[in-house]
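Report on the structure given below.
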Amino acid sequence: MGIRVHLEDQLKINQMTSKQLCEKVGITEANMSLLRTGQVKGIRFNTLNKICYHLNCSVGDILQFDGELQEDDNEN
Amino acid sequence: MKYLIRYVNLVLLLIFSLSLALFSSLEVTSLSAINVYVGYPVKLIVDVLRSLSLTSELGNILAWILLIFICGLPSVFGWWMYQKDHRNRVLLYLLILFSISLLYLYYGLLNYWFIHPMFSSMVTEYLAVLYFITSILILGSICCIWVVYILIHANNRKQLLSSCQLILLIAAMVLTASLGLSVITLIKPSDATPLLGLSLLLQGSKIIPETLMIILLIKLIQFTSLMHIDVFSVSLLPKLASIRRLSKAIVLLAIILPVINGFAQLGFIHHLHDVSIVIQFPWTELIISFTLLFICELLIQGIETSEENKQFI
């Protein structure tokens with residue numbers, strides 16, 4: 001897969017729901033769902049900054065590299 | 001205006017039918033006859049002023065008052081517009097300039113020496129042309145002032161798009177009327193010699209790009225209606241693809257048809273009265289179609305980039 005998103009773990013640690021995080025960060029629940037399942041094309045630094053601030057964690061706690069190379073959609 | 005845009009096909013069909021009926025009822029559809037009709041309003045005003053000024057001294061004064069009134073109307077209108085909205089200052093200046101130009105034109109038509117000392121001796125031969133040129137100058141000035149007004153007041157995208165739609169609609173109407181004239185010239189039996197085929201080919205090479213251009217304008221009007229909602233929406237892609245296809249077709253036909261026409265003239269050269277082959281490329285259609293092709297590519301790229309950006313949170 002390439003980059004894995006571990007948002008669920010951080011939400012459990014902070015005892016926060018996805019909806020609460022959406023309201024704090026300012027993104028829609030649909031986009032949050034896409035982020036949790038790793039289906040987004042990219043994430044802005046501003047959004048990442050807000051998520052890390054409200055979950056009191058670092059970027060590495062949310063995003064991890066699993067050693068694989070993800071092919072671009074265009075190349076496929 | 002909304003209904004005009006929504007039913008643009010019907011409106012243009014009506015204009016086409018009217019122009020067919022009008023031009024087929026005219027005894028002469030040559031360019032010189034149309035010049036006379038276009039210049040007629042100017043001729044009417046000039047004749048009234050001249051006859052009034054030649055009656056008596058009082059008539060002369062009345063003629064002057066009428067002339068100043070006619071020429072001063074644009075300035076008065078410009079002043080009223082300026083009072084309504086101070087952004088119309090440029091409009092006011094343009095309308096004052098227009099008034100001065102009108103005064104120059106009409107005074108020049110009444111006293112030919114005013115335009116050029118040589119005119120007084122030979123102008124009677126060129127009166128119809130002078131009236132036509134004056135009409136065209138007046139219409140052209142009005143169009144320029146109207147475009148400036150649109151640019152001053154197009155504060156947001158919606159207003160600009162609406163203005164663009166209106167300009168496209170007027171262009172389509174004018175082209176449709178011109179197409180009616182071309183069709184009448186094609187179907188009126190001018191001669192039954194072998195050269196008839198050549199004249200059919202010549203007219204056909206004008207009519208086909210003109211017709212495609214009108215269809216393109218209709219598609220552009222419908223496209224600008226969609227742009228009111230979102231400039232970079234995926235829903236615009238089918239329309240853009242259609243405009244791109246049509247633009248390519250016009251470019252190809254605009255280049256190929258005149259060349260075919262040239263070969264045909266070469267084939268009929270023994271029947272022609274004078275040995276000259278004319279190849280006329282419709283440059284306006286070519287330039288517009290090329291430009292639209294380029295703009296379509298840019299917009300398609302923009303929409304694809306916008307869609308990709310939507311997947312960034």
Side-chain angles (χ1 to χ4, degrees), chain A residues 1-11 14 16-65 69-76, chain B residues 154-162 164 216 219-220 222-252 288-313:
Chain A
M1 193 173 164
I3 302 291
R4 290 189 180 273
V5 181
H6 296 280
L7 205 51
E8 291 286 349
D9 302 334
Q10 293 303 317
L11 283 169
N14 286 271
M16 198 187 290
T17 64
S18 175
K19 190 176 174 182
Q20 285 168 334
L21 184 62
C22 286
E23 283 166 12
K24 285 179 181 177
V25 171
I27 59 174
T28 60
E29 285 189 59
N31 281 343
M32 183 60 79
S33 170
L34 287 170
L35 177 62
R36 282 161 67 183
T37 53
Q39 288 177 39
V40 292
K41 274 269 182 181
I43 182 166
R44 296 190 178 91
F45 279 123
N46 187 32
T47 310
L48 200 55
N49 180 19
K50 286 179 186 173
I51 291 172
C52 292
Y53 176 78
H54 290 292
L55 291 177
N56 196 25
C57 64
S58 71
V59 176
D61 296 329
I62 300 170
L63 303 173
Q64 282 181 357
F65 177 55
L69 178 65
Q70 187 181 9
E71 296 293 336
D72 281 342
D73 290 342
N74 290 339
E75 286 170 8
N76 290 340
Chain B
N155 293 323
N156 56 42
R157 195 179 75 218
K158 271 196 172 175
Q159 282 178 346
L160 202 55
L161 280 173
S162 299
C164 183
L216 186 64
K219 285 189 186 288
L220 281 172
Q222 290 165 346
F223 178 71
T224 45
S225 294
L226 291 176
M227 280 180 93
H228 273 290
I229 304 158
D230 188 2
V231 179
F232 292 112
S233 164
V234 175
S235 60
L236 295 176
L237 280 176
K239 213 45 150 183
L240 272 173
S242 164
I243 290 170
R244 187 170 56 177
R245 272 195 305 271
L246 196 51
S247 300
K248 279 184 190 171
I250 292 173
V251 166
L252 279 170
I288 290 172
S289 306
F290 261 124
T291 309
L292 278 173
L293 262 176
F294 178 64
I295 291 171
C296 279
E297 286 301 328
L298 284 178
L299 279 173
I300 290 170
Q301 281 285 318
I303 289 169
E304 285 170 1
T305 306
S306 173
E307 280 307 297
E308 201 175 317
N309 281 343
K310 280 178 189 168
Q311 294 175 40
F312 279 74
I313 59 161

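By convention in this document, chain letters (A, B, ...) are assigned in the order of the sequence lines, proteins followed by strands, and residues within each chain are numbered from 1.
- When heavy atoms are compared at a cutoff of 4.5 Å, A/I27 approaches chain B solely by way of its side chain, counted from C-beta outward.
- Summarising the geometry, atom CD1 belonging to B/I313 is positioned 4.0 Å from atom CG belonging to A/L35; distances are rounded to the nearest 0.5 Å.
- Atom CZ of A/F45 has 12 or fewer neighbouring heavy atoms from other residues, nucleotides or ligands inside a 6.0 Å radius.
- Taking chain B as the reference chain and counting heavy-atom pairs below 4.5 Å, the highest number among A/T47, A/L48, A/N46, A/I43 is found for A/I43.
- When all heavy atoms of B/F312 and A/R44 are compared, the closest pair comes out as O-NH1, 3.5 Å.
- Among A/V25, A/T28, A/V40, the residue making the largest number of heavy-atom pairs under 4.5 Å with chain B is A/V40.
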